[in-house]
There are 2 protein chains.
Amino acid sequence: MQKESAKDCIDHFIKRAKNLGLKITPQRCAVFRIVSQSKDHPTADQVFHDVNQEFPNISYDTVNRTLLTFTEIGLIEVVQTQGGPRRFDPVTDQHHHFQCLSCGKIIDFYNDNYDDLKIPDDMQKKFTVYNKRVVLSGRCWECRKQKKKSDFIKNSKAKN
Amino acid sequence: MQKESAKDCIDHFIKRAKNLGLKITPQRCAVFRIVSQSKDHPTADQVFHDVNQEFPNISYDTVNRTLLTFTEIGLIEVVQTQGGPRRFDPVTDQHHHFQCLSCGKIIDFYNDNYDDLKIPDDMQKKFTVYNKRVVLSGRCWECRKQKKKSDFIKNSKAKN
DNA sequence: CTTTTTGCAAAGCGTTTGCATTGAA
DNA sequence: TTCAATGCAAACGCTTTGCAAAAAG
C-alpha cells in the first residue's frame, strides 16, 4: 500500500472506521491524511502542528486521542523508541529500522533478506505474531562526526 | 557474558569506569549490580526501589543519572518501547524481542538463525552499526485471552 | 434523538535542570 | 585539595483524565 493515492488512503480509513462503528469526523480524516503521508515518524505534536494549518480550531488532545484510536484499530503503529515522546508510523509495507543511539533518530530501510525471515514455530505457538522487523542500532553519519561523550570523558582525563 | 558471577560483573564495571575516568562510588556499584542482575528490563524507578533497600539514602536522581551514564558508555542499553517510562537492559549476549502491542510487555527470546543475520553492506557504509535485533510484535498469550478494544467497538455497535 | 467525539483545563507522571554539599582520587 | 558525583527541589514536557458542549449517525 505504498503507492496509494491520498484518495485511496482516505477511503481505506473510512471503510475501516465504519466497520468498527467509529464516526467519520473531519478531524479524523485530516489526522489520518497527515499521518499516512508522513515519512518521518511524527510525534503527536508534529501531527497536531500540520493538521492545525487547515483546522485552526482542532485541539492537541483530539489529535493525540485520534492517533491512539488509530493505533488500537491497527491503522497506524507506534514506533519503538528509547524514551522521549511517542512516535507514530503509518502501517505500510515491510521495512526495517536503523536507530542512532546518540540522537535517537530512526531511519527506515529496506532489505529483501530481512523480509524473508521466518518467524520461529515456537514463537508462533506462544504468541500471535503480527509483524516482524529488524532493528539495527549504532551511530548515524552525523553523530559519527561528533565526539562521543565517552570519548570526551576519556580525553578530559587524559589532558589532566 | 551471560553466566558471569556478580563479582565478575562488578569487576567489568570497575575496569570500564576507570578507563573512562569515572569515579567508583558505592551508589554506582549498587546500581550496576542491580541492573546487571535484572532479567526484566527495569525502569529507573524499579532500579531505584531495589537499590534503595540497601542504600536508604540514595536519591532517585542519582539512580536515574547513573543509568543514563552507564548507557552512554555502553555498559547497559535502553530498550526500545512504545512510550511509557524508559526501560534499561544489561548488555548481554545476542537476543531478540517480542513485544505485545496490547500490554507493551517485552519478552526476550533466542534464535540462532536470527543471530546469524548479516548486516547489509550499504548500511555498514552509511552508519556504524553496533547491534542488530529482530523485533516481533503481536499479542502475548495473556492479552490474546482478553477481548481487543477494536472487537469491543465492533460488538457495541452490533448490539445496538 | 442518542451516543460518540471534541475542546478545554487540570492533574498526573516521568524526566531534566540548577545548585549547594559531599566524597573519591 | 580538586573536581566529579550526590541529593534535593523545582521546572519542564508529554500524557492522561473529567466534563460540558458540539456533532455524527
Side-chain angles (χ1 to χ4, degrees), chain A residues 13-15 17-32 42-49 51-52 55-73 78-79 81-88 104 149-150 152-160, chain B residues 13-14 17-32 41-49 51-52 55-73 78-79 81-88 104 149-150 152-160:
Chain A
F13 155 62
I14 290 179
K15 192 179 154 195
K18 278 193 178 166
N19 268 341
L20 295 168
L22 293 179
K23 301 196 169 172
I24 317 291
T25 66
Q27 291 93 330
R28 281 178 172 168
C29 288
V31 169
F32 181 77
T43 61
D45 197 64
Q46 289 167 335
V47 176
F48 168 67
H49 180 264
V51 174
N52 201 35
F55 271 85
N57 285 331
I58 200 171
S59 76
Y60 170 83
D61 292 293
T62 298
V63 173
N64 193 42
R65 261 183 284 114
T66 300
L67 289 169
L68 293 176
T69 303
F70 287 174
T71 303
E72 278 184 295
I73 66 176
V78 175
V79 187
T81 54
Q82 305 188 350
R86 197 182 274 133
R87 291 180 171 277
F88 297 90
K149 176 155 181 188
S150 52
F152 172 73
I153 296 171
K154 197 169 195 172
N155 288 343
S156 73
K157 196 211 175 150
K159 278 177 195 164
N160 295 343
Chain B
F13 155 61
I14 290 180
K18 279 194 177 166
N19 268 341
L20 295 168
L22 294 179
K23 301 194 170 172
I24 317 291
T25 66
Q27 290 93 331
R28 282 179 171 168
C29 288
V31 168
F32 181 77
H41 315 292
T43 61
D45 198 63
Q46 289 167 334
V47 176
F48 169 67
H49 180 265
V51 174
N52 201 35
F55 272 85
N57 285 330
I58 200 170
S59 76
Y60 171 83
D61 291 293
T62 298
V63 173
N64 193 41
R65 262 183 283 114
T66 300
L67 289 169
L68 294 176
T69 303
F70 286 174
T71 303
E72 278 184 295
I73 66 176
V78 174
V79 187
T81 54
Q82 304 187 353
R86 195 181 276 133
R87 291 180 171 277
F88 297 90
K149 174 155 183 188
S150 52
F152 172 72
I153 296 172
K154 197 168 195 173
N155 288 344
S156 73
K157 195 211 176 151
K159 278 176 195 165
N160 294 342

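Letters go in sequence order (proteins before strands), and every chain restarts at 1.
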>> The criterion is side-chain contact (heavy atoms from CB on, under 4.5 Å); which residues satisfy it with B/I24, sequence neighbours excluded?
In response: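 B/F13, B/I14, B/A17, B/K18, B/C29.
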> Residues two or more places apart in sequence or in another chain: which of them pass side-chain contact (heavy atoms from CB on, under 4.5 Å) with B/T43?
Replying inline: B/D45, B/Q46, B/P85, B/R87
>> Strictly under 4.0 angstrom, non-hydrogen atoms only: write out the protein contact profile of nucleotides 5-12 of chain D, one letter per nucleotide from the 5' end, B, S or -.
In response: SBBBB---
>> Whether the side chain of B/R86 engages the backbone of B/V78 through a donor-acceptor N/O pair (distance < 3.5 Å, no angle test) should be reported.
In response: no
Nearest-0.5 Å distance, [atom1] of residue [X] to [atom2] of residue [Y]:
| X | Y | atom1 | atom2 | value |
| --- | --- | --- | --- | --- |
| B/Q82 | A/T71 | CD | OG1 | 8.5 Å |
| B/L68 | B/N64 | CG | CG | 5.0 Å |
| B/T66 | B/L22 | OG1 | CG | 10.0 Å |
| B/T81 | B/H41 | OG1 | NE2 | 11.0 Å |

Rounded distance (Å) that lies between atom [atom2] of [N] and atom [atom1] of [X]:
| X | N | atom1 | atom2 | answer |
| --- | --- | --- | --- | --- |
| A/I14 | D/dA24 | CD1 | P | 13 Å |
| B/F48 | C/dC13 | CZ | C1' | 15 Å |
| A/Q82 | C/dT15 | CD | P | 13 Å |
| A/D45 | D/dG13 | CG | P | 11 Å |
| B/L20 | C/dA25 | CG | C1' | 16 Å |
| B/R87 | C/dG14 | CZ | P | 10 Å |
| B/F88 | C/dT15 | CZ | C1' | 10 Å |
| B/N64 | C/dC13 | CG | P | 17 Å |

>> One pair to check against side-chain contact (heavy atoms from CB on, under 4.5 Å): A/F70 and A/V31. What are the steps and the verdict?
In response: CA-CA 10 Å; A/F70 287 174; A/V31 169; 4.0 Å; yes
> What is the bend of the helix from C/dC1-D/dG25 to C/dA25-D/dT1 when you compare the axis at one end with the axis at the other, using five pairs each and rounding to 10°?
Replying inline: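 For the helix from C/dC1-D/dG25 to C/dA25-D/dT1, the axes at either end differ by 50°.
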> So, is B/R86 near the phosphate of C/dT16, with a side-chain N or O under 4.0 Å from OP1 or OP2?
Replying inline: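 Yes, within the criterion.
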> Quick one: is D/dT15 close enough that its OP1 or OP2 comes under 4.0 Å of any side-chain N or O from A/Y60?
Replying inline: yes
>> Students often get this wrong, so: under 4.0 angstrom with heavy atoms, is A/L67 touching a base, only sugar-phosphate, or nothing?
In response: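 No contact.
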> Residues two or more places apart in sequence or in another chain: which of them pass side-chain hydrogen bond (donor to acceptor under 3.5 Å, both in side chains) with B/T62?
Replying inline: B/S59
